[in-house]
Amino acid sequence: MKLSLVVPCFNEEGNIPIFYDTVKADFKDAGFDYEIVFVNDGSRDGTLREMKKLLDGEIPVKIVSFSRNFGKESAMYAGLENSEGEYVTIIDADLQQSPALALEMVRTLESKSDYDCIATYQESRGESKSLVFFKENFYKIINKFADVEFRQGASDFRTFRRPMVDAILSMDEYFRFSKGLFSWVGFKTKFIPYKAGKRATGETKWTFWKLVKYALEGIFGFTTAPLRIASIAGGASLLGFLIYLIYIIVRCAAFGGVYTAANSAVLLILAIGGIQLLCLGIIGEYLARTYIQGKGRPIYIAKEILKSKKYSEDTEVKNG
Ligand code: UDP
Ligand code: MG
C-alpha cells in the first residue's frame, strides 16, 4: 500500500460521499494503490451509515468507529494507528483541504528524498479579527517558552513518510497536541502554503472555548514555563510584602505615623491570596495531567473496526 488517507470525522454525513467521490476523481491517474481510513469520532448523525456504504466500493476503505466523541486528536491517532501506507496523509472530511494537493505532496516526497513530511499552513483564513488576534498571540507566547517550534497557521493537513508516522505513534500520551508532537519527533518537514476551501456541507466543529482548551493543551503539554511564572509572581509578591512591612515599621517608629491598616490589609490579603490561588491553579493543571496520564487510559476506544473486502482479496492473492 502506497498511501493512506486518514480522515477524522465528527458529524460529517453530508461530506463522506462527496469526499470519497472527490478522492476517486483526483486519484484516477495516481498510478499507485491507496486506502482511505475513516475514523468516526462518535458522530451523532448518519456518518457511520455513509461510511459503511463505501465498504463495497472500488477504493479499499477502513472504518474505525469510536464508542463516543474523543476529539480530533484521538481520531488522528486512531487513523495513523490503523494505516498501512508507506505514506500517510491526514486530511479533513469537509473538503476544505483538497485531496489533489495530497497527491502532489506524495509526488514531492517521492522526488525530494531528504524530506520526511510535507505540511501545509494557511496564510489567511478569513477568520474574525478576534480569532486572528487570539491565534497570533498564542503562537508568539508558546514559541517563546516551548522547546519545539510551532508555526503559525500550520494545519494538520500533512503527508508523512512511514518512519515519521511510527515515531508519532510511539508517543502515546493521553493529552495530545499533535502540532507539537509533529514538531517534537523531529524529522525534516517542508511547509507549503494552501488556501482552505469552503466546507462542502455542515458546520465547523470548533467553538471559541474548544479553541481555548486546545491552546491550553499546547501550553501545558509543551512547556513548564507557567510553573516558573507562578514562582516568579510569588517571589515578587513576597518582596513587595517585605518592602511594605519595612516601610510601615519605619513610618511608625521614626515618624510617629498611625497605623491604619484596615484597608490596605484587605488589599494585601486579596493580592497575596490571588497569587497563591493562581500558583495552585497552575500546579493543579500539571498535576491533573500527571494524574490522568498515570491511569494509563487509552487515547480512544473503538466500538468496531471494519474493512472493505478488498483487503482480504489482496491477502488471498498474496498468499495464493
Ligand atoms: N473532527 C473530529 N472530531 C471532533 C471535531 C472535529 O474528528 O471532535 C473532524 C471533523 O469532522 C473534520 C476535521 O476534524 O473532518 C476538522 O474539523 P472542522 O472542519 O470542524 O475544523 P475547521 O476546518 O473548522 O478548523
Ligand atoms: Mg473544516
Side-chain angles (χ1 to χ4, degrees), residues 4-23 36-51 54 61-83 88-99 101-102 119-128 130-132 134-136 138-139 150-158 174-179 182 193-218 299-303 305:
S4 302
L5 293 168
V6 165
V7 197
C9 307
F10 178 50
N11 296 344
E12 303 281 8
E13 63 177 357
N15 290 327
I16 302 292
I18 310 176
F19 177 85
Y20 184 89
D21 290 341
T22 310
V23 169
I36 303 180
V37 183
F38 284 116
V39 181
N40 171 34
D41 185 12
S43 301
R44 290 181 269 271
D45 64 357
T47 298
L48 183 61
R49 183 193 64 224
E50 291 302 321
M51 288 174 177
L54 304 174
V61 165
K62 271 185 211 143
I63 305 170
V64 182
S65 188
F66 286 1
S67 58
R68 65 168 168 87
N69 179 250
F70 278 85
K72 189 185 175 189
E73 292 292 324
S74 304
M76 288 193 287
Y77 187 88
L80 294 180
E81 198 167 49
N82 286 279
S83 69
V88 182
T89 301
I90 299 176
I91 182 166
D92 289 353
D94 56 13
L95 290 170
Q96 285 188 287
Q97 304 165 341
S98 122
L101 184 55
T120 57
Y121 70 94
Q122 295 187 65
E123 277 163 334
S124 83
R125 282 190 85 182
E127 283 167 331
S128 69
S130 56
L131 195 61
V132 172
F134 171 74
K135 284 190 175 173
E136 267 177 12
F138 167 70
Y139 282 103
F150 295 84
R151 179 182 281 252
Q152 183 174 351
S155 91
D156 295 323
F157 181 30
R158 293 163 192 239
Y174 182 82
F175 292 98
R176 303 188 74 75
F177 184 75
S178 287
K179 287 188 186 74
F182 296 157
Y194 92 108
K195 219 172 151 40
K198 278 216 158 59
R199 250 183 173 272
T201 74
E203 280 174 3
T204 177
K205 309 296 177 296
W206 289 99
T207 59
F208 181 72
W209 285 113
K210 256 191 161 176
L211 268 180
V212 171
K213 226 183 113 196
Y214 182 67
L216 286 179
E217 216 51 76
I299 295 162
Y300 67 91
I301 293 170
K303 200 164 139 186
I305 298 181

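Just follow the structure's listing: the first ligand is 1, and inside any ligand the first atom is 1. No hydrogens, no waters, no symmetry mates; every other heavy atom, side chains included, goes into these values.
On a distance-only criterion, Glu203 and ligand 1 share no N/O pair closer than 3.5 Å. Considering both main-chain and side-chain atoms, Ala75 never comes within under 3.5 Å of ligand 1 through any nitrogen or oxygen pair.
The Mg ion (ligand 2) has an N, O or S atom of Asp94 inside 2.8 Å of it. Gln97 lies apart from the Mg ion (ligand 2) in this respect, since none of its N, O or S atoms is found at a distance under 2.8 Å.
Every atom of ligand 1 with a heavy atom of Arg199 under 4.0 Å away is listed here by number and element: 18 (P), 19 (O), 20 (O). Atoms of ligand 1 found under 4.0 Å from any heavy atom of Asp94 (numbered from 1 in listed order, with element): 19 (O), 23 (O). Using a 4.0 Å cut-off to heavy atoms of Asp92, the atoms of ligand 1 that qualify are 13 (C), 15 (O), 16 (C), 23 (O). Remark: ligand 1 atoms within the under-4.0 Å shell around heavy atoms of Glu12 are 10 (C), 11 (O), 12 (C), 15 (O).
The shortest heavy-atom distance from Lys210 to ligand 1 is under 4.0 Å.
The option with the heavy atom closest to atom 4 (C) of ligand 1, from among Asn11, Asp41, Val39, Thr204, is Asp41.
Geometric assessment of Arg68 against the ring of Phe66 yields a negative cation-pi assignment under the 6.0 Å and 45° thresholds.
Within the model, atoms OH of Tyr139 and CZ of Arg151 stand 11.0 Å from one another, a figure rounded to the nearest 0.5 Å.
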